[in-house]
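What follows is a single structure, written as structure tokens, with notes after it.
Model, not experiment: these values are computed from the prediction.
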Amino acid sequence: PDGGYCQQCPPGQFTNRNGSTPCDTCDCGLGTLANRTECVICEAGFYSPDEGDCKRCQVGTYSSEAGACYCDVCGPGTEVNFNQTACQLCTPGNYSNDDGYCQSCPQGSFTNKDGATECDTCGCGRETNEFLNECRLCLPGNFSLDGENCQRCPPGTYSNHTGSFFCTTCPCGSESVITRDYCELCPVGEFSKAGEQCQACANIGGVSNLTGACECTKCPAGNEPDTT
């Protein structure tokens, strides 16, 4: 155009005429061929603003039809599909409450439907399964509070049924077993206070010849427990 060399039209512009001085601009929704000889319609999943080439929709947006001038965002309960050509519902165990991505339900909550915008808590005595799409009862020896996962009862306490939301204290003279689903009596030579594990009477200078002892008998002065 200025007596120099012929040069290719810039991106978003084209010419299909010989001896052309200006280049024509493609409308929005259109891009140009690599040789800049004509405009082409942007495919679904792409867009072109005015005077630009076709571009992939930005992350989290989509275009469902060819020739898009801009990309849309998905609403709550959905997210953009892999090809960025449509929105898809969040699957059970996932939710979306904005224009972003589907994400897993938080700990202690679940959803069992497609397109969820929020998750529900399981309630006391329950926890979510590994897929976060339903609740299950806590097993014996475990408990949970609202919105929490099931956890083992502390030492000295137990739960002997499913769906517990608290643990019961073992009475004196007993302790909870490792599975925490029942209490067993302290053996001879040991004792316990309520809510504690059994310990040897010899540790406190005493003796006990009974099972289920709540306390030990102190040895007389000048004597010590026989641990043989």
Side-chain angles (χ1 to χ4, degrees), residues 1-123 126-136 144 146-150:
D2 56 1
Y5 296 101
C6 295
Q7 53 186 315
Q8 190 177 51
C9 292
Q13 297 184 20
F14 76 102
T15 179
N16 52 15
R17 302 183 302 274
N18 292 323
S20 179
T21 50
C23 295
D24 298 314
T25 300
C26 294
D27 293 331
C28 76
L30 302 175
T32 52
L33 293 176
N35 60 12
R36 306 290 194 267
T37 58
E38 63 179 298
C39 297
V40 292
I41 297 176
C42 296
E43 298 177 359
F46 292 78
Y47 77 107
S48 173
D50 52 349
E51 302 181 14
D53 278 347
C54 295
K55 303 175 182 179
R56 169 70 68 177
C57 287
Q58 295 178 341
V59 175
T61 64
Y62 75 100
S63 65
S64 58
E65 297 181 356
C69 297
Y70 58 88
C71 298
D72 297 306
V73 295
C74 293
T78 64
E79 68 177 354
V80 176
N81 67 359
F82 178 77
N83 295 323
Q84 294 182 258
T85 57
C87 295
Q88 60 188 17
L89 294 174
C90 296
T91 56
N94 298 272
Y95 77 105
S96 170
N97 56 11
D98 53 22
D99 298 328
Y101 297 99
C102 298
Q103 53 187 315
S104 298
C105 290
Q107 175 181 320
S109 63
F110 78 103
T111 175
N112 55 11
K113 61 184 179 181
D114 292 314
T117 59
E118 61 183 1
C119 300
D120 301 311
T121 56
C122 286
R126 298 170 179 266
E127 68 176 357
T128 54
N129 65 359
E130 59 270 29
F131 304 110
L132 304 177
N133 59 8
E134 65 179 5
C135 297
R136 60 190 176 195
S144 79
D146 188 21
E148 297 182 0
N149 286 335
C150 298

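Within the 4.5 Å cutoff, no side-chain heavy atoms of Thr61 are placed close to those of Asp72. The side-chain heavy atoms of Cys122 and Glu127, taken from C-beta on, include no pair separated by under 4.5 Å. Considering only heavy atoms from C-beta on, Arg136 stays 4.5 Å or farther from Arg126 through its side chain. Side-chain contact between Pro92 and Thr111 is absent, with no heavy atoms from C-beta onward closer than 4.5 Å.
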Point to revise | Verdict with reasoning, Tyr47 to Cys71, per side-chain contact (heavy atoms from CB on, under 4.5 Å) | key: CA-CA 7 Å; Tyr47 77 107; Cys71 298; 3.4 Å; yes

Check your understanding: Step by step, would you call Gln84 with Cys57 a side-chain contact (heavy atoms from CB on, under 4.5 Å)?
Key -> CA-CA 7 Å; Gln84 294 182 258; Cys57 287; 3.5 Å; yes

Practice item. Give the intermediate values and the outcome of side-chain contact (heavy atoms from CB on, under 4.5 Å) for residues Ser48 and Cys28. Key: CA-CA 5 Å; Ser48 173; Cys28 76; 5.5 Å; no

Practice item. In sequence, state the C-alpha distance, the side-chain angles, and the governing distance for Tyr62 and Cys87, and then conclude on side-chain contact (heavy atoms from CB on, under 4.5 Å). Key: CA-CA 8 Å; Tyr62 75 100; Cys87 295; 3.3 Å; yes

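Without hydrogens or angle criteria, Ser63 side chain to Gly45 main chain gives a donor-acceptor distance under 3.5 Å. No donor-acceptor pair closer than 3.5 Å links the side chain of Gln88 to the backbone N or O of Glu79.
Glu43 CD: 12 or fewer foreign heavy atoms inside a 6.0 Å radius. Other residues, nucleotides and ligands contribute more than 12 heavy atoms inside 6.0 Å of the CD atom of Gln103. Within a 6.0 Å sphere centred on CD1 of Ile41, heavy atoms belonging to other residues, nucleotides or ligands number 12 at most.
The distance from atom SG of Cys119 to atom OH of Tyr95, rounded to the nearest 0.5 Å, is 6.0 Å. Here CZ of Phe131 is found 12.0 Å from OG of Ser104. Values are rounded to the nearest 0.5 Å. Between Asn83 atom CG and Ser64 atom OG the span is 13.0 Å, to the nearest 0.5 Å. In this structure, CG on Asn149 lies 8.0 Å from OG on Ser144, to the nearest 0.5 angstrom. The structure places OG1 of Thr128 at 9.5 Å from CG of Asn133, a figure rounded to the nearest 0.5 Å.
Residues Asn129 and Leu132 share a closest heavy-atom pair of OD1-N, 2.8 Å. Heavy atoms only, all atoms of each residue included: Cys26 and Gly31 are closest at SG-O, 3.8 Å. Of all heavy-atom pairs spanning Asn97 and Thr117, the tightest one is CB-O, 3.3 Å.
Counting only N and O atoms by type, the side chains of Asp53 and Thr32 include a donor and acceptor under 3.5 Å apart.
In this structure Thr85 satisfies the side chain to side chain donor-acceptor pair (under 3.5 Å) test together with Asn81, sequence neighbours excluded.
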